[in-house]
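Because the structure is predicted, anything quoted here is derived from the model rather than measured.
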Amino acid sequence: MVTQTVSKSLDVDQFLAQQKNVHRNLFPAELVQHSIRRGETKMASNGAIVGYTAPFTGRTPKDKFTIRDSRTESAVAWGGFNHEFSPEKFDALYDRVLDFLQGKELFVQDLFAGADPKYRLPIRVINQYAWHNLFVRDLFVRPSAEELKSHQPEFTVVSAPEFEADPQRDGTNSGAFILVSFTRKIILIGGTKYAGEMKKSIFGVMNFLLPERNVFPMHCSANVSKDNVTALFFGLSGTGKTTLSADPERRLIGDDEHGWSQTGIFNFEGGCYAKCINLKQENEPQIFNAIRFGSVLENVVLKPGTNDPDYESEALTENTRAAYPVDFIDNAVIPGIGGHPKTVIFLTADAFGVLPPISKLTTEQAMYHFLSGYTAKVAGTEAGVKEPTATFSTCFGAPFMILRPKVYAELLGKRLEEHTAQCWLVNTGWSGGGYGVGKRMSLKYTRAMVTAAVNGSLLKAEFATDSAFGLTIPKAVPGVPSELLNPRNAWPDKAGYDRAAAHLAELFAKNFEKFEVPDKIRNAGPKKQS
């Protein structure tokens, strides 16, 4: 049985009204000055400030909790990444965090999550660190001066990275915590300096709230052609989502989080949070040139003497990041709104080397592969080549999907049918054999296939059915060797292909057992080989 209590705590507005050292809605130059004055950051030679977040250099999903109460009890898909937390423990920890912040210098930004005025969520972020406040200003949608006058937050983030919880007393898993209360409309973060927790916690809120309004929230990038035709790119880390959506012939709507409403696509964010390990200007000029004054680098090593960013260094973490406003990208769409997409791309890097380089999906197949969220990673070669490891992340973003997966899958199917959008599965992984035997698919060929899909010309191709997975594959794509299009043909060892395909089909089927879906969706997946 769910218990509900009424907290005696101050609300956030009352707390802020009692504080005497609060900086509200400062501009980037002011926040940069404060962060350096307070010793929080260093300035790189390109003008960006650099913050460091040890011991956490990434998100800690085990420390993220949703408050289980009458608002969330029957809606949240409890278990997996959705850990529950009691209202009583939340209230007690909330009081302790406010006591900790009492009298401290604080930084506040009033922002929006969502570029579409009809669906955007007004938010307020209260930070202990000035550089965190610049981070959220970069990442979310910034109100105009006129909009600020009437801004009323519907959700508030309170971030106190230097406050550590006591797990035995507070009920957390560690000193770090990310707590989301949909009843009190507060996100409480402590014990971690990693700025990405603020970004992704709001993404989780949008994933909870928007389906109620018939909006499909998506963990994807989006771009638009010169004639305003939108395309979406879903994919887990390492599949090529950022690379393939960064097209000089198309304009960027956003690189990570979007909603698909009855009127079209809109970016949840007003900025980008790009990985910058091994970043080079010649390879990714848009990202490289966006890192300048007003940007925030996270855990990037600076070279002694020059303070040049050392993008190749993994001394602190491989997960080095850059945050910057989306308008630092030359061809960005401002505001981040586009029409209904005609093309949806699912990206996977199949290290088993058995999925076709590109496949045309039916609506049921699209829902199946969306729920599966498959990619395969290589295990490493320290002691020789090892077997690839299959990774399944529901909806291509399992840690952030708070509702039951079928809610998101049904919205995907509904939108595809309503707007006759074509979904494609693109394998950016291995061909001619698995990892260690075959070769990684050429980026040149993948770009040719994606271009043909996005501009619609691929729909005119002649197609065949892949026997292993029941996928519809083109017989020819301009600029791509035809022998690569059917993966079995690309393998010298046909029996080896059959064994590997059967193994992957079994992994798909086993992973899919947990989903409650109609038979027509379950049957759209790979068939077990006899």
Side-chain angles (χ1 to χ4, degrees), residues 12 15-16 19 21-44 48-60 63-64 97-98 100-101 104-113 123-142 153 155-165 175-180 186-205 269-274 276 291 293-300 316-317 319-325:
V12 178
F15 169 75
L16 285 178
Q19 306 310 302
N21 200 6
V22 177
H23 305 282
R24 293 179 181 265
N25 297 310
L26 297 186
F27 289 98
E30 298 169 294
L31 291 169
V32 168
Q33 290 175 332
H34 282 298
S35 74
I36 293 174
R37 169 184 63 82
R38 289 161 49 90
E40 298 172 0
T41 62
K42 298 178 180 179
M43 181 169 282
I49 57 171
V50 189
Y52 298 96
T53 69
F56 298 109
T57 56
R59 292 181 299 102
T60 58
D63 295 314
K64 185 175 182 297
V97 170
L98 292 195
F100 172 80
L101 293 176
K104 287 182 169 58
E105 188 174 20
L106 300 175
F107 300 87
V108 177
Q109 286 287 332
D110 291 316
L111 303 158
F112 294 113
I123 64 172
R124 174 169 291 159
V125 186
I126 303 169
N127 293 117
Q128 186 183 355
Y129 290 159
W131 79 267
H132 276 189
N133 208 234
L134 179 56
F135 174 91
V136 295
R137 181 182 171 84
D138 283 350
L139 262 293
F140 293 107
V141 178
R142 295 159 290 282
F155 242 90
T156 300
V157 179
V158 180
S159 176
E162 293 182 6
F163 177 93
E164 291 195 8
F177 55 91
I178 305 95
L179 308 178
V180 183
I186 292 173
I187 298 168
L188 197 62
I189 301 175
T192 175
K193 300 176 184 177
Y194 184 67
E197 297 287 13
M198 295 181 287
K199 163 189 158 71
K200 286 304 185 185
S201 61
I202 288 293
F203 182 44
V205 168
E269 301 181 296
C272 301
Y273 190 38
C276 51
I291 303 173
F293 186 83
S295 300
V296 176
L297 289 171
E298 201 171 38
N299 296 313
V300 173
L316 299 177
T317 178
N319 188 36
T320 53
R321 294 275 182 167
Y324 47 86

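Between the side chain of Arg142 and the backbone N or O of Arg137, at least one donor-acceptor pair lies under 3.5 Å. Looking only at distances, no side-chain donor or acceptor of Gln19 sits under 3.5 Å from a matching main-chain atom of Leu16. In this structure, the side chain of Tyr52 engages the main chain of Val300 through a donor-acceptor pair within 3.5 Å. For the pair Asn319 (side chain) and Thr57 (backbone), a donor-acceptor distance under 3.5 Å is present. Here the side chain of Arg321 pairs a donor or acceptor atom with the backbone of Tyr273 at under 3.5 angstrom.
Tyr129 and His132 have perpendicular rings, their planes meeting at more than 60° on a 0 to 90° scale where under 30° would count as parallel.
Looking at Lys104 and Glu162, no side-chain N of the basic residue comes within less than 4.0 Å of a carboxylate O on the acidic one, giving no salt bridge.
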(request) Test Thr41 against Ile36 for side-chain contact (heavy atoms from CB on, under 4.5 Å), laying out the working first. (result) CA-CA 5 Å; Thr41 62; Ile36 293 174; 3.7 Å; yes
(request) Applying side-chain contact (heavy atoms from CB on, under 4.5 Å), run through Ser35 and Leu134 and close with a yes or a no. (result) CA-CA 9 Å; Ser35 74; Leu134 179 56; over 6 Å; no
(request) For side-chain contact (heavy atoms from CB on, under 4.5 Å), just list the numbers for Phe100 and Gln128, CA-CA rounded to whole Å, side-chain angles, deciding distance to a tenth of an Å, and then say yes or no. (result) CA-CA 10 Å; Phe100 172 80; Gln128 186 183 355; 3.8 Å; yes
(request) Might you work through the side-chain contact (heavy atoms from CB on, under 4.5 Å) test for Thr317 and Tyr194, ending with a clear yes or no? (result) CA-CA 12 Å; Thr317 178; Tyr194 184 67; over 6 Å; no
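Listed by chain and residue number, Asp256, Glu257, Glu269 satisfy the salt bridge (charged side-chain N to carboxylate O under 4.0 Å, His left out) test with Lys199 (two or more places apart in sequence, or in another chain). Under the salt bridge (charged side-chain N to carboxylate O under 4.0 Å, His left out) criterion, Arg124 pairs with Asp13, Asp110, not counting sequence neighbours. Applying the salt bridge (charged side-chain N to carboxylate O under 4.0 Å, His left out) rule to Glu40 yields the partners Arg38; only residues at least two apart in sequence or on another chain are considered.
Under the 4.5 Å side-chain criterion, counting only non-hydrogen atoms from C-beta, His34 is in contact with Glu105. For the pair Leu31 and His23, the minimum side-chain heavy-atom distance is 4.5 Å or more. The closest side-chain heavy-atom distance from Phe15 to Leu101 is below 4.5 Å. Proximity of Phe177 to Val97: side-chain heavy atoms (C-beta onward) are separated by under 4.5 Å at one or more points. Looking only at side-chain heavy atoms (C-beta outward), Val180 and Val205 come within less than 4.5 Å of each other. Trp131 places a side-chain heavy atom less than 4.5 Å from the side chain of Glu298. Side-chain contact between Ile123 and Val157 is absent, with no heavy-atom pair separated by less than 4.5 Å. Ile178 has its side chain within reach of Thr60: a pair of non-hydrogen atoms, C-beta onward, lies under 4.5 Å apart.
Minimum interatomic distance between Asp138 and Gly294 (heavy atoms only, all atoms of both residues): OD2-O, 2.7 Å. Here the shortest heavy-atom pairing between Ala195 and Phe135 reads O-CE2, 3.3 Å.
A distance of 10.0 Å separates CG in Asn299 from NZ in Lys193, rounded to the nearest 0.5 Å.
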